[in-house]
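None of the values given here were measured: they were computed from a predicted structure.
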Amino acid sequence: MGKVVLVTGAARQLGGRFVRRIQRDPEVDRVIAVDAVAPGHQLGDADFVRADIRQPAIARVLAEHSVDTVVHLDVSAKTVGTGGRTAVKETNVIGTMQLLGACQKAPSVRRLVIKSSTNVYGSAPRDPAVFTETTPPKSLPSGGFAKDVVEVEGYVRGFARRRPDVAVCVLRFANILGPEADSPLADYLSLPVLPTVFGYDPRLQFVHEDDVVDVLGIASREPRRGTLNSGTFNIAGDGVLLLSQCSRRLGRPTMPLLLPAVTWVGQALRTVGMTDFSPEQIRLLTHGRVVSTVQMRETLGFHPQFSTAETFAEFARSQGPGLLPPEAVGRAVDRLAAMPFAGAAGEVLGIIGAGDTHPTPSAR
């Protein structure tokens, strides 16, 4: 008998991709896909069970199918179907509590994988340059998805103490991007003009959705020789990008605003449903966040296929040209530089700069 893997959040794009991928694992005998709503995509040969993880019925699903591996992907900043922020928080927090309670009572469960986020570190002006897995946040998130993941990880640590026989792996993903990314940050980067905080240019990290599926597969299997897939790991692509670099590569102009004005714009965007420009996202776009991935490589043994820059390039290609396509801007600059007056002006400036070794008293 092979492994029986239960995956929550199967109606989400990421959950559906992982369900289809894990079925190809020769060690897996059955895959149980769970969600409160019917998925709009194919799940292959997986058994779909329509169940709300916020309800105690999830315990029956674990028992009936003798599940030994649980991959909890239903921790997200966006809801599927109807429901707003309240429904998201209930699924993230109450749903995780119910699922962990069911896992605690199920003797067949031997491995638990949790999708978390680097949002757990928050974003604050006194943050370290790079967060490691053991770095405490300077300022705990006060609300939103960031607070949800803090609470989720707290419940997971309690579960690990009560069930030391279960291998627990918590994956803290950086901002997930790619051609099919569905997140508040992806929605923000899709705006025709990007509102930014005046005077700030935050550092950002991304992880490609393909790498997310790959590392989930590593975490859900027995560890390979020389690696350990129990514990907490930051997952991100190599390198960082500044928000200004992101806007230029997208061809989308920025609109620098004072912080209070950014908050007002965020409220307006949420009201019209364009994007969930939450306070925690505003803090990220103010102070940024960078995490260390040493443990991901040396302990977990995972090496992403895509760097942060390559991940963003994939996302940018899927978005199409913005208002200021980089190629068009480059051609305009080249044409301007080729104009006669531009060359003459450069020569004059060069002569003045070369000869101005002894400034005149008026120049002083």
Side-chain angles (χ1 to χ4, degrees), residues 12 14 75-80 83-89 91-93 115-127 131 137-152 172-178 181-207 209 234 236 240-247 250 252-291 308 311-312 315-316 319:
R12 299 182 184 276
L14 179 62
V75 180
S76 178
K78 295 184 68 175
T79 186
V80 173
R85 168 63 197 153
T86 301
V88 172
K89 181 174 180 62
T91 301
N92 290 343
V93 180
K115 171 183 173 288
S116 187
S117 168
T118 56
N119 279 279
V120 73
Y121 300 114
S123 294
R126 296 177 57 247
D127 281 348
F131 282 100
K138 293 293 184 181
S139 177
L140 282 173
S142 58
F145 176 64
K147 186 178 180 182
D148 290 356
V149 292
V150 170
E151 295 183 20
V152 164
R172 292 175 176 169
F173 291 104
N175 298 290
I176 300 173
L177 282 186
D182 183 22
S183 67
L185 185 63
D187 292 343
Y188 163 77
L189 294 170
S190 301
L191 294 172
V193 178
L194 306 181
T196 60
V197 182
F198 181 78
Y200 292 89
D201 195 7
R203 298 174 303 155
L204 303 174
Q205 275 179 313
F206 305 111
V207 58
E209 52 196 9
N234 294 328
V240 299
L241 282 177
L242 298 175
L243 181 57
S244 59
Q245 292 176 305
C246 295
S247 68
L250 284 169
R252 286 169 165 77
T254 59
M255 182 173 59
L257 302 169
L258 295 176
L259 187 55
V262 175
T263 303
W264 300 332
V265 170
Q267 293 173 347
L269 292 174
R270 287 199 303 273
T271 301
V272 299
M274 290 184 65
T275 181
D276 184 13
F277 206 49
S278 61
E280 68 193 52
Q281 185 160 301
I282 294 175
R283 286 192 290 272
L284 173 66
L285 299 177
T286 304
H287 307 294
R289 185 190 308 119
V290 177
V291 299
T308 287
T311 298
F312 192 80
F315 171 75
Q319 295 299 302

Under the side-chain contact (heavy atoms from CB on, under 4.5 Å) criterion, do Asn234 and Tyr121 qualify, and how do the steps go?
-> CA-CA 11 Å; Asn234 294 328; Tyr121 300 114; 2.7 Å; yes

Please test Asn119 against Leu284 for side-chain contact (heavy atoms from CB on, under 4.5 Å), starting from the C-alpha separation and ending with a verdict.
-> CA-CA 9 Å; Asn119 279 279; Leu284 173 66; 5.6 Å; no

Decide side-chain contact (heavy atoms from CB on, under 4.5 Å) for Phe312 and Gln245; before the verdict, give the C-alpha distance in whole Å, the side-chain angles of both, and the deciding distance to 0.1 Å.
-> CA-CA 10 Å; Phe312 192 80; Gln245 292 176 305; over 6 Å; no

Step by step, would you call Asn92 with Phe145 a side-chain contact (heavy atoms from CB on, under 4.5 Å)?
-> CA-CA 8 Å; Asn92 290 343; Phe145 176 64; 3.8 Å; yes

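In this structure, Ser117 OG and Asp148 CG are separated by 10.5 Å, a value rounded to the nearest 0.5 Å. Atom-to-atom distance recorded for Trp264:CH2 and Leu258:CG is 8.5 Å, nearest 0.5 angstrom. Here the OH-CG distance, from Tyr200 to Leu285, works out to 13.0 Å after rounding to the nearest 0.5 Å. Taking CG from Leu189 and OG from Ser183, the interatomic distance works out to 8.0 Å, rounded to the nearest 0.5 Å. Once rounded to the nearest 0.5 Å, the distance linking CZ of Arg252 with OG of Ser247 reads 10.5 Å.
Phe315 and Ala186 get closest at one heavy-atom pair: CZ-O, 3.8 Å. The minimum heavy-atom distance linking Glu151 with Lys89 is given by the pair OE2-NZ, 3.7 Å.
Remark: the backbone N or O of Pro137 is not paired with any side-chain donor or acceptor of Asp127 at under 3.5 angstrom. Counting only distance, with no hydrogens or angles, the side chain of Arg283 and the backbone of Gly122 share no donor-acceptor pair below 3.5 Å. Of the possible donor and acceptor atoms, one in the side chain of Lys115 sits under 3.5 Å from a partner among the backbone N and O of Val75. In this structure a side-chain-to-backbone donor-acceptor pair under 3.5 Å is missing from Gln205 to Ala236. Remark: the backbone N or O of Lys78 is paired with a side-chain donor or acceptor of Arg12 at under 3.5 angstrom. A donor-acceptor pair under 3.5 Å links the side-chain atoms of Arg289 to the main chain of Thr118, judged by distance alone. A side-chain donor-acceptor contact under 3.5 Å links Tyr188 to the backbone of Pro195.
The side-chain contact (heavy atoms from CB on, under 4.5 Å) test with Phe206 singles out one residue from Leu177, Ile176, Val240, and that residue is Leu177.
Checking Ser123 against Glu280 by side-chain atom types alone, no donor-acceptor pair falls below 3.5 Å.
You'll find the side chain of Val291 stays beyond 4.5 Å of the side chain of Arg172, heavy atoms only. In this structure the side chain of Thr311 never reaches within 4.5 angstrom of the side chain of Val207, judged on heavy atoms.
Under the side chain to side chain contact (heavy atoms under 4.5 Å, CB included) criterion, Ser244 pairs with Asp201, Leu242, Arg248, sequence neighbours left out.
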